[in-house]
Q: 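Have a look at this one.
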2 protein chains.
Amino acid sequence: MSTAELLGDERLPLYQRLADSLRQDIVDGVRSPGDRLPSENVIAEEYGLAPGTARQALAKLVGEGILERFHGKGTFVRRPSFDKSLFRFFRFRGADGAHVVPQSRILQRSVEPAPAHVARHLNLKAEDPSIFFNRLRVIEGVPVVVEEIWLPLEAFRDILSIEPESIGPLLYPLYSTLCGHVVARAQEELTVGRAEAETAEILCVAEGEPVVVIDRLARGYDDTPLEWRRSRGRADQFHYHTEIR
Amino acid sequence: MSTAELLGDERLPLYQRLADSLRQDIVDGVRSPGDRLPSENVIAEEYGLAPGTARQALAKLVGEGILERFHGKGTFVRRPSFDKSLFRFFRFRGADGAHVVPQSRILQRSVEPAPAHVARHLNLKAEDPSIFFNRLRVIEGVPVVVEEIWLPLEAFRDILSIEPESIGPLLYPLYSTLCGHVVARAQEELTVGRAEAETAEILCVAEGEPVVVIDRLARGYDDTPLEWRRSRGRADQFHYHTEIR
DNA sequence: AAGTGGTCTAGACCACGTG
DNA sequence: ACGTGGTCTAGACCACTTC
């Protein structure tokens, strides 16, 4: 039976140090989304702790959204789902009213110097070369959202190796398989603006119509900024709801 | 030593039935926001459970936002804070940039037949008499948000007994002290519209300017709908941010 | 010093999913 | 039948707050 060591500040509770250790395994790629962890009894034995203590650590990571547990099956590294993205609140509905992933059309892909606000978010120097995508989201032929997407060139160079036409509607799986970068979480900001000439044309609305602007900064498990994007969509197609207390 | 009975479905876990029982005490007004609960050991003894089981029930209610615990002090019924209200994301900032509660001016208070959408949310019949407020939120003399507020007449009749001029910026404490109804949670929906003539005039913007519309349904601990309101504010003063994973 | 919640132990038994 | 997580017990000791 292998025994592991708990590192970190000895003044911290054991369950927290165990949680940190398990989280670090995910950051380091020792475990990846979808992987199953050893059972709580095995983990407890490995680290020389009582089962209840291991349990507490696992509960903490479930609360953080990093793990998920299924009765009778096991404990798994969660695949981030982005179900709560503000983006989701555009009415992406098919003819039957069901929620659908919109089709994507990549209008442009190029390497550009990073504008100042992009460089700031991605921890680059202004003008550092970066990968730029301009993408249109379409549902049943109707343009709904237009996006600018920025990636640091060094970390994502391999994404230039495939044809833009062959890129499907989801980018994050590509980031993972082609470039080894897993998006673990993101922050989003919502503001309301008015369509400028170019945006209005792409979205097929009159210039000056209200648009919802969503800025998203996506990060890895270790909080490294991976991608910054700005999405603009028709405001009349947007409807957000939330629960407060 | 008083001993209490756990009611409810016997197939449910004990900690859940205990949580339900404690929650019901709050619904019934046996305990109110700010009250301190007995210690976990006392609760466990009262219900004939192990301390760990009582602990689990308390943790569940903390997770629901109903209780809060303080090391060395005790367990308390939480006062809902509404920190997460979308409303908060209007730039209510004073000269120093700090977040401030805006001043309020009540433009109208009357008893009106409930419009259909209000009646639906408040579980009334259409045209049932209800209390209506029209209120303006102002910061440093600048109008920011205008609100329509609807209350069921029967439950809130006593709020008609005080002069509208003497009502401060916060209504929910009045609901509690005058009418005995505690707002425990709310749902909010955000959409974007354009200012109609009346709204534009009150907010001092041009007709047709984008406005953010926030609809809120506030509920008591037992989920009874208590208040429905629609707030309209200048879209250029709105900025929402959220964390996703 | 007394009382509170926070951490931790060392189990038992049950319910669920899979082979 | 077996291994998983879920529930529950019955404590011990520690850290924090209050008196």
Side-chain angles (χ1 to χ4, degrees), chain A residues 1-23 31 34-79, chain B residues 1-23 31 34-79:
Chain A
M1 194 57 255
S2 71
T3 59
E5 289 290 318
L6 274 182
L7 306 173
D9 193 330
E10 295 187 6
R11 294 167 304 183
L12 292 174
L14 294 172
Y15 80 91
Q16 223 178 84
R17 291 163 64 197
L18 174 54
D20 291 344
S21 170
L22 295 170
R23 197 188 301 102
R31 301 184 200 285
D35 287 359
R36 203 188 85 172
L37 270 67
S39 77
E40 58 188 39
N41 287 326
V42 171
I43 292 177
E45 210 177 330
E46 272 181 9
Y47 287 88
L49 300 171
T53 305
R55 191 171 187 67
Q56 212 175 342
L58 293 170
K60 183 176 160 70
L61 294 173
V62 169
E64 289 177 22
I66 291 175
L67 299 181
E68 50 188 351
R69 314 192 76 185
F70 301 97
H71 197 163
K73 295 184 70 175
T75 303
F76 299 81
V77 180
R78 184 165 164 269
R79 296 177 203 277
Chain B
M1 193 56 253
S2 73
T3 58
E5 289 290 318
L6 274 183
L7 306 173
D9 193 329
E10 295 186 8
R11 294 166 304 181
L12 292 174
L14 294 173
Y15 81 92
Q16 218 177 91
R17 291 163 65 198
L18 174 54
D20 291 344
S21 171
L22 295 171
R23 196 189 301 102
R31 301 185 202 284
D35 287 1
R36 203 187 85 171
L37 271 68
S39 77
E40 59 188 39
N41 288 325
V42 172
I43 292 177
E45 209 176 331
E46 272 181 8
Y47 286 88
L49 301 171
T53 305
R55 188 168 188 70
Q56 211 176 342
L58 294 169
K60 182 176 160 69
L61 294 173
V62 169
E64 289 177 21
I66 291 175
L67 299 181
E68 49 190 350
R69 314 193 76 184
F70 301 96
H71 197 162
K73 295 181 71 172
T75 303
F76 300 81
V77 180
R78 183 165 164 271
R79 297 177 201 276

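Keep in mind the model is a prediction, meaning the values are calculated, not measured. So that the names make sense, note that chain A is the first sequence line, chain B the second, and so on, each numbered from 1.
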Q: Partners of B/Thr53 by side-chain contact (heavy atoms from CB on, under 4.5 Å), sequence neighbours excluded?
A: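 Result, side-chain contact (heavy atoms from CB on, under 4.5 Å) vs B/Thr53: B/Leu14, B/Tyr15, B/Leu49, B/Ala50.
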
Q: To the nearest 0.5 Å, what is the distance between CG on A/Leu18 and CG on A/Leu12?
A: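 Separation between the atoms: 12.5 Å.
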
Q: Give, for atom CD1 of A/Ile43 and atom CG of A/Leu22, the distance between the pair rounded to the nearest 0.5 Å.
A: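 Reported to 0.5 Å precision, the distance equals 5.5 Å.
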
Q: So if I define the base as every atom that isn't primed, P, OP1 or OP2, how would nucleotides 8-19 of chain D read as a B/S/- string at a heavy-atom cutoff under 4.0 Å?
A: SS-----BBSS-

Q: Residues in salt bridge (charged side-chain N to carboxylate O under 4.0 Å, His left out) with A/Arg55, at least two apart?
A: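 For A/Arg55 the salt bridge (charged side-chain N to carboxylate O under 4.0 Å, His left out) partners, ignoring immediate neighbours, are A/Glu40.
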
Q: I want to check one thing: is the phosphate of C/dT4, taken as OP1 and OP2, less than 4.0 Å away from some side-chain N or O of B/Thr75?
A: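 The answer is no; no side-chain N or O of B/Thr75 sits under 4.0 Å from OP1 or OP2.
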
Q: So, applying side-chain hydrogen bond (donor to acceptor under 3.5 Å, both in side chains) with B/Thr75, which one of B/Arg36, B/Glu68, B/Arg69 is it?
A: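 The single option meeting the side-chain hydrogen bond (donor to acceptor under 3.5 Å, both in side chains) with B/Thr75 is B/Arg69.
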
Q: What closest approach, in Å, do B/Val77 and B/Leu67 show between heavy atoms, and which atom pair accounts for it?
A: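 In terms of heavy atoms, the two residues are closest at CA-CD2, 3.9 Å.
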
Q: Within this structure, what is the CD-to-P distance between A/Glu40 and D/dT4, rounded to whole angstrom?
A: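 So the two atoms are 9 Å apart, to the nearest Å.
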
Q: In whole angstrom, what separates A/Arg36's CZ from C/dT18's C1'?
A: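 So the two atoms are 11 Å apart, to the nearest Å.
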
Q: Could you state the atom-to-atom distance from CG of A/Asn41 to P of D/dG3 in whole Å?
A: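 Roughly 11 Å, once rounded to whole Å.
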
Q: Taking only residues two or more places apart in sequence or in another chain, which ones pass salt bridge (charged side-chain N to carboxylate O under 4.0 Å, His left out) with A/Glu64?
A: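 Partners of A/Glu64 by the salt bridge (charged side-chain N to carboxylate O under 4.0 Å, His left out) criterion, ordered by chain and then number, come out as A/Arg23, A/Lys60.
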
Q: Can you tell me the distance, in whole Å, between the CD1 atom of B/Ile43 and the P atom of C/dG3?
A: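 Whole-Å distance recorded here is 17 Å.
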
Q: Using the test salt bridge (charged side-chain N to carboxylate O under 4.0 Å, His left out), find all partners of B/Arg78 that sit at least two apart in sequence or belong to another chain.
A: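 None.
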
Q: For DNA chain C, determine which residues of residues 63-70 of chain A have any heavy atom closer than 4.0 angstrom to one of its atoms, and list them numerically.
A: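 Of all residues in residues 63-70 of chain A, none places a heavy atom under 4.0 Å from DNA chain C.
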
